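Below is one structure; the comments refer to it alone.
Because the structure is a prediction, the values reported are computed rather than measured.
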Amino acid sequence: MSTIYDEIKNDHRTLEKLMDALTETHGESEERAALFEEFRKLLEVHSHAEERAFYAAILPSADAREKTAHGMKEHCEAAELLDELEHLSQGSGGWLPKMRKLREAVRHHIKEEEQEVFAKARKVLPAKTAEQIAKRFLDFKQDES
């Protein structure tokens, strides 16, 4: 049975691949549009499910509260950048620099989450609970897809 850490990491690896592929695209193209739509949807669904399943489970812990709140703030910042990208022409000169900025913000979040938030969570979540949260996380993702 997978844990919440496994499921979140799986999404993180996919998001990283999509972001890297997006920053290699040029101008307004079908490839960029398709990759961006896949990335946008996964980032939104992942963030919402993560907040509802994982963050909700560890937020009550005083030890994890600060890191969790910081992670949620970073989700909001990424959502704002994503919204800005959605409203820019994919062929404009500003689109790729904005995508790179979002990629760096998401990479920073992933690193902090996997190194710091997971460490805090492992202290407060028994292994069985981490498996149950993984199921909730996947259910929330399914509901939003």
Side-chain angles (χ1 to χ4, degrees), residues 1-59 61 64-125 127 129-145:
M1 179 82 178
S2 67
T3 66
I4 187 60
Y5 314 110
D6 301 323
E7 296 303 332
I8 289 173
K9 281 182 179 181
N10 287 341
D11 279 1
H12 286 171
R13 298 299 81 81
T14 303
L15 287 166
E16 288 169 336
K17 287 177 187 166
L18 288 168
M19 291 185 300
D20 288 345
L22 271 165
T23 59
E24 295 299 318
T25 61
H26 303 284
E28 197 163 338
S29 65
E30 287 182 25
E31 178 190 22
R32 180 177 275 182
L35 283 169
F36 183 72
E37 181 57 22
E38 185 180 353
F39 168 72
R40 181 200 60 76
K41 185 169 184 160
L42 177 58
L43 185 62
E44 288 176 350
V45 168
H46 169 85
S47 296
H48 294 150
E50 185 174 77
E51 289 174 11
R52 293 172 67 195
F54 181 53
Y55 286 2
I58 62 173
L59 191 59
S61 166
R65 192 170 297 128
E66 184 179 331
K67 289 291 177 194
T68 305
H70 181 72
M72 291 172 76
K73 181 178 177 269
E74 289 179 339
H75 282 184
C76 290
E77 292 166 356
E80 288 173 13
L81 287 169
L82 192 63
D83 186 58
E84 290 173 22
L85 277 167
E86 285 185 281
H87 291 91
L88 272 178
S89 165
Q90 290 184 355
S92 77
W95 195 91
L96 193 55
K98 179 88 54 190
M99 182 61 222
R100 287 185 179 126
K101 183 177 178 180
L102 176 57
R103 178 177 66 176
E104 290 313 307
V106 172
R107 280 184 173 160
H108 167 82
H109 174 75
I110 286 170
K111 182 179 179 185
E112 276 190 347
E113 193 166 75
E114 291 183 6
Q115 293 178 357
E116 299 171 27
V117 178
F118 284 10
K120 299 275 186 193
R122 284 187 171 101
K123 291 179 183 176
V124 298
L125 295 177
T129 303
E131 291 175 3
Q132 293 165 345
I133 294 169
K135 180 169 180 355
R136 260 184 272 160
F137 175 78
L138 293 171
D139 288 345
F140 285 138
K141 281 181 60 179
Q142 182 64 39
D143 290 346
E144 290 203 25
S145 294

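Cation-pi geometry between R122 and Y5 is met: the NZ or CZ atom falls under 6.0 Å from the ring centre, inside 45° of the normal.
Judged as a ring pair (Phe, Tyr, Trp, His ring centres under 6.0 Å), and not counting sequence neighbours, the contacts of F36 are W95. For D83, the side chain to side chain contact (heavy atoms under 4.5 Å, CB included) partners at least two apart in sequence or on another chain are E86, H87. Legend: residues meeting side chain to side chain contact (heavy atoms under 4.5 Å, CB included) with R107, ordered by chain and number and at least two apart, are M19, D20, R103, E104. Every side-chain hydrogen bond (donor to acceptor under 3.5 Å, both in side chains) that R13 has, sequence neighbours left out, goes to E16, E114. Remark: K98 engages E84 in a salt bridge (Lys or Arg N to Asp or Glu O under 4.0 Å) (not counting sequence neighbours). When the side-chain hydrogen bond (donor to acceptor under 3.5 Å, both in side chains) test is applied to H48, the partners found at least two apart in sequence or on another chain are E144.
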Could you give me the CA-CA distance, side-chain angles and deciding distance for F54 and F118, then say whether side chain to side chain contact (heavy atoms under 4.5 Å, CB included) is met? CA-CA 10 Å; F54 181 53; F118 284 10; 4.0 Å; yes
Mind running side-chain hydrogen bond (donor to acceptor under 3.5 Å, both in side chains) on E77 and H109 for me, showing each step along the way? CA-CA 10 Å; E77 292 166 356; H109 174 75; over 6 Å; no
Determine, step by step, whether D11 and F137 satisfy the side chain to side chain contact (heavy atoms under 4.5 Å, CB included) criterion, reporting the C-alpha distance in whole Å, the side-chain angles of both residues, the deciding distance to 0.1 Å, and the verdict. CA-CA 11 Å; D11 279 1; F137 175 78; 3.5 Å; yes
Could you walk me through whether L102 and F39 satisfy the side chain to side chain contact (heavy atoms under 4.5 Å, CB included) test, starting with their C-alpha distance in whole Å, then the side-chain angles of each, then the deciding distance to 0.1 Å, before giving a yes or no? CA-CA 11 Å; L102 176 57; F39 168 72; 3.6 Å; yes
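Using modelled atom types, one finds no donor on one side chain facing an acceptor on the other under 3.5 Å when comparing E66 with H70.
Using the six-membered ring where Trp is involved, H75 and Y55 have ring planes that are parallel, under 30° apart on the 30 and 60° scheme.
Closest of all the heavy-atom pairs between S2 and D6 is CA-OD2, 3.5 Å.
For the pair E113/H12, a side-chain contact is recorded, criterion being any heavy-atom separation below 4.5 Å from C-beta on. In this structure the side chain of I8 reaches within 4.5 angstrom of the side chain of H46, judged on heavy atoms.
Separation of atoms CD1 (I133) and CD (E7) is listed at 12.5 Å; rounding is to 0.5 Å.
With respect to E28 and R32, no salt bridge is recorded, no charged nitrogen being found less than 4.0 Å from a carboxylate O.
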